[in-house]
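Here is the structure we will look at, set down as C-alpha cells.
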Amino acid sequence: MPAVNDTKFQPAVFILSGIPGLEDVHVWIFIPFCLMYVISILGNSVILFIIKTDPSLHEPMYIFLSMLAVTDLGLSLSTLPTTLGVYWFHSREISHDACFAQVFFIHSLTLIESSVLLSMAFDRFVAICNPLRYASILTPPRIAKMGLVSLLRGVVLILPLPILLKQHRYCKDSILSQSFCRHSDVLTMACSDISVNIIYGFFLTVSLHGSDLLLILLSYVMILKSVLSIACHGKRLKLLNTCVSHVCVVLLFYTPHIALSVIYRFVKNFSLILPIVLGNVYMLVPPLMNPIVYSVKTEAIRVRIIRVFVK
C-alpha cells in the first residue's frame, strides 16, 4: 500500500475510555475517583512533611518510605489529568505524543516503585537478620545511591517504550480501553510489526518486576527463618510486626500488576470490564493505601500525624 494511503488511515489522536455503558453517569463515577486522588495526594504529602520535619525519622526505613511517597505522588499526578478529562469534562481525545509521554511516566514510576519496595525489603532484612551492622550497612550515602539506581533504572529501561511506540503506524480503531495510556493498551492499536515491543515488554515484566518480587520473597523467607530461631515469642511478634506494613504494600502493588499482565498476555477471551477495573485498581489503590497502611501500622508515623492534626 502506498505511503500516502498509510497516512490517510493514520488517526491523529487516541480516544480514551471510561467505563463502557455508563457514559451518562461518568460525572458521578468520578466523585469517588476524585476522593481517592485527593486522599492519596494529601496522604503522601503528609508522610513526606512529617519525615522531613522530624529529625528522629531521618532513618533508613523512613527515608525509603519518603521515596515511596514521592513515587506514589508521581503516579497519582500522571493519571489525574486524563482521568479528570474523561470522567468530568468528557474530553476523551489525547494526541499520540501526549499518550506516549504518559506511557513513559506511568511505567517508569511503576518500575521505580518496584525498586523502592525491593530496597525496603532489604532494609527490613538487614534490620532483623543483621541488626548490629544495620547502621554501617545502610549509611546515608549508600541509601542515596540506592535511590539514584532506582531512578535511573526506571528512566533508562522504560525510555525505549515510547520511542518504539512512536515508530508504529496506527490505522486500527484508536479507542483505548482506559482513561490513561498504558503500553500494552496502545500496542493493540498498531497495524505494523509489534514483535519488538512485545519481546521488550515481556523482558521488563519478567526480568525486572519478576526478579524484584522474587528477591522480596527471598528476603522474607530469610527474615522468617531468622525470626523463628528466636526463643522469645513476644520478641518474634514485635519483629514480624515491623514487616506487616511493607508486606501489605507489596501485595497491593504486585497483585493487580500480575493479574493485568496475565490477562493481556495469556487470556484470549475476557470481559472488557475486567482490565478496566484492574487498571484503575493498579493505578489508584497503591498510592491511596500506602500512606494509610503506614499511618495505621507504624507507630512513629501514626503518633506524629495525630500531633499535627491535634495541634
- Query: Is there a chain of hydrophobic side chains (I, L, V, M, F, W, Y, each step under 4.5 Å between heavy atoms) that links F89 to V25?
  - Reply: yes
- Hey, is the main chain of P286 close enough, under 3.5 Å, to the side chain of N290 for a donor-acceptor pair? yes
- Item | Minimum heavy-atom distance F104-P162, with the two atoms named | CB-CG, 3.9 Å
- Which distance, rounded to the nearest 0.5 Å, do you find between the CG of L187 and the CG of L161? 9.5 Å
- Can you measure from OG (S66) to CE (M61) and round to the nearest 0.5 angstrom? 12.0 Å
- Item | Polar side-chain atom of R302 near backbone of V296 as donor-acceptor pair, under 3.5 Å | yes
- Note on the structure: Output for pair (H183 NE2, Y200 OH), nearest 0.5 Å, gives 9.5 Å
- Is there a path of hydrophobic side-chain contacts, each under 4.5 Å between heavy atoms of I, L, V, M, F, W or Y residues, that connects L251 with Y282? yes
- Task: For side-chain hydrogen bond (donor to acceptor under 3.5 Å, both in side chains), just list the numbers for D97 and S95, CA-CA rounded to whole Å, side-chain angles, deciding distance to a tenth of an Å, and then say yes or no.
- Result: CA-CA 6 Å; D97 288 341; S95 68; 5.9 Å; no
- With the 4.5 Å side-chain cut-off for hydrophobic clustering, are L84 and V27 part of the same group? yes
- Message: Working to the nearest 0.5 angstrom, can you tell me the gap between T83 OG1 and L16 CG?
- Response: 8.5 Å
- Query: Taking atom types as modelled and ignoring hydrogens, do the side chains of S114 and Y254 form a donor-acceptor contact shorter than 3.5 angstrom?
  - Reply: yes
- Is there a donor-acceptor contact under 3.5 Å from the side chain of S115 to the main chain of L111? yes
- Item | Exceeds 12 heavy-atom contacts within 6.0 angstrom, atom CZ of F30 | yes
- Intermediate values then yes/no, side chain to side chain contact (heavy atoms under 4.5 Å, CB included), Q167 and I163: CA-CA 7 Å; Q167 309 309 310; I163 295 174; 4.1 Å; yes
- Query: What closest approach, in Å, do I143 and L138 show between heavy atoms, and which atom pair accounts for it?
  - Reply: CD1-O, 3.7 Å
- Item | Atom of P291, atom of P287 and distance for their closest heavy-atom approach | CD-O, 3.2 Å
- Pair D212 + R153: basic N to acidic O under 4.0 Å: yes
- Among W88, Y87, F33, find the one that has a ring-ring contact (aromatic ring centres under 6.0 Å, His included) with H26. Y87
- Item | Pair listing, ring-ring contact (aromatic ring centres under 6.0 Å, His included) test, anchored in residues 36-86, at least two apart | none
- Task: Hey, could you give me the CZ/CE distance between F14 and M189, rounded to the nearest 0.5 Å?
- Result: 7.5 Å
- Taking all non-hydrogen atoms of both residues, which atom of C181 and which atom of Q102 are closest, and how far apart? N-OE1, 2.8 Å
- Task: Please report the shortest heavy-atom distance between P256 and L278, naming the atom on each side.
- Result: CB-O, 4.2 Å
- Message: Any heavy-atom pair between the side chains of S17 and R92 that's under 4.5 Å?
- Response: yes
- Query: In a check of side-chain contact (heavy atoms from CB on, under 4.5 Å) between L118 and each of D123, I216, L213, which one passes?
  - Reply: I216
- Heavy-atom side-chain proximity of E113 to L68 below 4.5 angstrom: yes
- Note on the structure: By side-chain contact (heavy atoms from CB on, under 4.5 Å), A101 pairs with (sequence neighbours left out) none
- Item | Check: H246 ring centroid to Y294 ring centroid under 6.0 Å | no
- Task: Of all the heavy-atom pairs spanning C129 and M222, show the shortest one and how long it is.
- Result: SG-O, 3.7 Å
- Task: Begin from the C-alpha positions of N197 and H168 and carry the test side-chain hydrogen bond (donor to acceptor under 3.5 Å, both in side chains) through to its verdict.
- Result: CA-CA 10 Å; N197 291 72; H168 295 303; 2.6 Å; yes
- Side-chain heavy atoms of L215 within contact of F122, under 4.5 Å: no
- Would you kindly confirm whether V38 and I31 end up in one hydrophobic cluster when ILVMFWY residues are joined by side chain heavy atoms under 4.5 Å apart? no
- Backbone N or O of L73 within a donor-acceptor pair of the N44 side chain at under 3.5 Å? no
- Message: Ignoring hydrogens and geometry beyond distance, is a side-chain donor-acceptor pair present between T82 and S179 at under 3.5 Å?
- Response: no
- Is the closest side-chain donor-acceptor distance between S295 and R304 under 3.5 Å? no
- Query: Going through the distances and angles, do S40 and S76 end up as a side-chain hydrogen bond (donor to acceptor under 3.5 Å, both in side chains)?
  - Reply: CA-CA 7 Å; S40 67; S76 295; 3.2 Å; yes
- Hey, quick one: are F203 and I112 part of the same hydrophobic cluster, counting side-chain heavy atoms closer than 4.5 Å, chains of contacts allowed? yes
- Message: Could you measure the distance from the CG atom of L65 to the OG1 atom of T298? Nearest 0.5 Å is fine.
- Response: 7.0 Å
- Task: Ignoring hydrogens and angles, tell me if any N or O in the side chain of S226 forms a donor-acceptor pair with the backbone of I223 under 3.5 Å.
- Result: no
